Structure formats: C-alpha cells, structure tokens
Protein chains: 2
Amino acid sequence: MPKPAKPSAKREAILDAAQRAFLEEGYAATSMDGVATGASVSKATIYAHFESKEQLFAAVMHRGCDSSFALVPPDESADARTALTVTAQRLMALLMAPKALALYRVVVAEASRSPDLARTYYENGPVRGKAAITAVIALLQRRGELAPAADAGTITDQLIGMLRAETFQRALLGLPDGRSLEDTIAAMVETLVQRFGGTAPR
Amino acid sequence: MPKPAKPSAKREAILDAAQRAFLEEGYAATSMDGVATGASVSKATIYAHFESKEQLFAAVMHRGCDSSFALVPPDESADARTALTVTAQRLMALLMAPKALALYRVVVAEASRSPDLARTYYENGPVRGKAAITAVIALLQRRGELAPAADAGTITDQLIGMLRAETFQRALLGLPDGRSLEDTIAAMVETLVQRFGGTAPR
DNA sequence: GTCTATAGAAAGATAGAC
DNA sequence: GTCTATCTTTCTATAGAC
C-alpha cells in the first residue's frame with residue numbers, strides 16, 4: 001500500500017534526493033540506486049513508498065510544479081513604466097532560477113511521455129504567471145496608463161515573449177549571457193509604453 | 001578506425017535510425033539495440049562506424065543542427081506590414097515543424113551534458129534565424145519604413161520573442177493550440193509597426 | 001518500514017568468424 | 001565491414017529477515 005502521502009522523514013528524504021537527481025540527470029539517466037544513496041536509504045525503502053520509478057517521478061515532478069510561482073504584484077501607486085519594469089524583474093527572477101530552469105528542461109524533455117506532467121506544469125507555471133501579469137496590465141488599462149487597444153492577455157503574451165527571447169533561451173541552453181537582462185527589460189518596457197501608452201508622455 | 005565520414009549505405013541507415021530514436025526517446029532512453037534494429041543492422045556494425053553511443057549521438061545531432069534553417073527573405077518591394085507578416089509566417093513554419101520541435105527538446109534536455117551540442121545548435125539555429133530577420137528589419141529601417149529608434153537586433157529579438165510566446169511553448173509541451181498563430185502574428189506586427197513605424201500611416 | 005541480498009532483464013561494448 | 005554470440009555492468013524490482 002504505497003499510496004498514503006503521509007509525511008515521513010525518509011519519504012521526504014527520498015523525494016528530495018529524487019528531485020535533485022531527476023532535475024540534474026533527467027528521467028532515464030536517473031537510477032533508483034542513485035536516489036537511494038542520495039537519500040541515505042535502501043532501495044527497498046523507496047519501493048515501500050512508491051510503486052515504481054515512474055510513479056516516483058510523477059510524485060516528485062508534480063510536487064515541484066506546485067511549489068509555486070508566486071509573482072508579487074508591483075505597488076498600486078506605480079506608474080506604467082515602473083510597474084512594468086518591476087513586474088519584468090520579478091518574473092525573470094522566477095524564470096531564471098536554476099531550479100526553475102532545470103524543471104523546465106525536464107518537463108519539456110518528458111512532455112511526450114508524461115502529458116499529465118506537461119499539463120500540470122503549464123497550469124501551475126505559465127498560466128498562473130500570465131494571470132498575475134494580466135492583472136497588472138488590466139489595472140494599468142483601467143487607470144488609463146495603457147490604452148485598451150489590445151486586450152490585456154495579448155499585451156501580457158507580448159511582454160512575456162519579449163522577456164524570454166534571448167536571456168532565457170541562452171540560460172536554458174547553458175550558454176553565457178548575451179545582452180544584459182536590464183537592457184532587454186528596458187527595451188520591452190519602452191516598446192509597450194510607446195505602443196499602448198495612453199495619456200503618458202509621448 | 002571509425003573516423004572517416006565516408007558516405008556508406010549502412011552508415012546512413014544507422015544515422016537515420018539513430019536520429020529517429022534520439023529525437024523521439026531522448027539520449028538516455030535510446031538503446032543501441034533499438035538503433036540496430038531500426039537500421040536493419042547488427043550492433044557490431046554500429047560500433048564499426050562509431051566509437052560509442054555518445055559519439056553516435058554527437059554525430060547525429062550535429063548533422064541535425066546543420067541541415068539548416070533557411071529563412072527565405074520577403075520580397076524586396078513588400079511594405080513593412082507585409083514583410084513582417086511574411087517573415088513571421090516563415091519563421092514559425094520552421095520552428096513549429098515536428099522535427100524542429102523534437103530537436104529543440106533534446107538539445108535543451110542534454111544541454112548541460114553536451115555543451116558543444118548546445119552551442120552548435122544555437123549558432124546554426126537561433127543565431128542564423130536572427131541574422132536573417134535582422135537583415136529584413138535593417139532594410140525596412142534604411143527605407144524609412146521602420147524608425148531607427150532601436151537597433152535592428154533589438155527589434156528582431158522582440159519580434160521573435162513575441163512569436164514564440166504562446167504557440168511555440170504549447171507545442172513544445174505537447175499541448176493543444178491556444179490562440180491562433182495568425183492572431184499572434186497580427187498582434188506582433190501591429191505592435192512593431194505602431195512602435196517603430198516611420199512614415200507609414202499612423 | 002527498513003534493511004541485505006538477489007533475481008531477472010536490459011544495457012553498452014567486444015570477440016571472433018567470414 | 002558485417003555478422004552471431006557473448007561478456008560485463010547496471011538497471012528495476014522483489015524476497016525474506018528483522
């Protein structure tokens with residue numbers, strides 16, 4: 001009966017070691033022996049808690065997708081440029097965290113073999129992140145700082161897209177930084193403000 | 001002496017089967033037995049041509065990165081909106097091809113263990129693609145259809161970023177399409193034209 | 001639940017005949 | 001170069017004692 005998700009010291013150690021291994025090596029290259037050693041536990045103990053390697057992977061990854069993407073909204077009084085800049089900085093801090101990058105790599109790699117995982121990741125990561133940013137954009141629109149020329153969701157997609165263009169992709173591939181993150185953010189803010197700026201200085 | 005890259009029927013069959021396997025299963029989950037079967041060849045024959053699984057992987061993937069990303073430029077006479085739209089459509093056709101997606105997944109997954117591969121991919125894919133699009137942007141700037149407010153490289157990054165935002169990410173994760181590609185392209189074109197449009201109608 | 005020990009299958013790589 | 005057969009290691013998973 002390896003079902004109950006009761007917290008237990010060994011169980012947590014197994015999950016932690018497994019997460020480290022799966023994120024670093026990927027699913028196929030991770031061995032149960034390695035996880036056992038990493039958790040200072042015998043292999044049999046792992047199988048007392050999890051039915052199979054596949055289920056251990058699912059448990060670990062779904063847990064990783066939940067531990068969440070809290071995007072703190074900018075101060076209400078901030079003007080458009082400030083709000084967009086702060087939002088961008090916080091989003092990039094989330095996306096560029098080593099663990100977030102590793103999680104993304106594994107989810108993408110296993111997407112075809114673990115569709116549930118891909119969906120869970122998407123709903124908890126990108127979808128939540130987009131919702132948080134859309135709220136910021138919508139607020140700026142209501143205040144007349146951004147024109148309602150396009151709906152908030154579209155603007156948000158463009159914002160996120162422009163941010164992930166260079167820096168994120170290079171990080172994902174393990175390549176050294178190209179242009180600076182600050183420059184990318186500033187260019188993005190400028191484009192959105194010039195495009196959708198309402199009453200703001202022109 | 002498994003070095004000479006002499007073309008040979010069996011050698012090509014091995015490379016083809018290996019490519020199929022690596023792109024579908026990933027590096028670790030691909031077995032040499034599977035490749036041998038897929039190529040209708042014995043395992044020993046593979047080792048007569050390639051020193052190890054790792055070298056076979058490198059050969060296959062580098063070949064895949066070369067077989068290239070030719071981005072045909074739009075007609076010289078096209079105006080900004082048309083040129084940007086056509087360029088976007090052609091770029092997305094390249095990025096969304098199933099093989100291109102599979103290649104990207106594997107390169108990302110193995111980036112930390114195969115830095116050379118990541119670099120090769122980046123130079124042959126994203127870098128070439130960006131160069132091609134930057135040339136288009138620069139031409140539009142010289143013709144006065146786009147303002148030189150930002151350098152062509154920055155505009156190109158924003159263009160690519162906005163395109164890859166939603167559709168590409170969902171495809172990468174194997175999720176069904178969200179908003180339509182046409183809408184994404186149209187919104188991107190509008191943003192860039194409104195932001196950088198020079199003498200064009202405003 | 002937790003361990004040691006091991007079963008049983010599959011992996012990467014090679015020997016040797018042709 | 002190409003094959004069959006095999007070596008050796010490593011893997012997932014389990015049996016059985018405690």
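Atoms considered below: every heavy atom in the structure, side chains included; atoms not considered: hydrogens, waters and symmetry mates. Everything quoted here is computed from the prediction, not taken from an experiment. Each chain gets a letter, A, B and so on, in the order its sequence line appears, and its residues count up from 1.
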Q: Could you state the atom-to-atom distance from NZ of B:K53 to C1' of C:dT14 in whole Å?
A: 17 Å

Q: Classify the side-chain pair A:T154/A:D157 by whether it contains a donor and acceptor separated by less than 3.5 Å.
A: no

Q: Taking only heavy atoms on the protein side, list every residue of residues 26-43 of chain A lying under 4.0 Å from any atom of DNA chain D, sorted numerically.
A: A:T30, A:S31, A:M32, A:D33, A:K43

Q: Suppose the criterion is salt bridge (charged side-chain N to carboxylate O under 4.0 Å, His left out): which pairs have a residue in residues 21-32 of chain A, not counting sequence neighbours?
A: none

Q: From CZ of B:F50 over to C1' of D:dG1, roughly how many Å is that when rounded to an integer?
A: 13 Å

Q: Any donor-acceptor pair under 3.5 Å linking the side-chain atoms of A:T184 with those of A:E166?
A: no

Q: Donor-acceptor pair, distance only, cut-off 3.5 Å: does the side chain of B:T30 make one with the backbone of B:A21?
A: yes

Q: Think B:R164 forms a cation-pi with A:F168, using NZ or CZ under 6.0 Å from the six-ring centre and within 45 degrees of its axis?
A: no

Q: Can you tell me the distance, in whole Å, between the CD atom of B:E54 and the P atom of C:dA11?
A: 18 Å

Q: Report yes or no: do B:R105 and A:S112 form a side-chain donor-acceptor pair below 3.5 Å?
A: no

Q: B:Y47 side chain N/O closer than 4.0 Å to the phosphate oxygens (OP1, OP2) of C:dA13?
A: yes

Q: Classify the nucleic acid contact of A:S52 as base, sugar-phosphate or nothing, counting any heavy atom under 4.0 Å across all strands shown.
A: sugar-phosphate

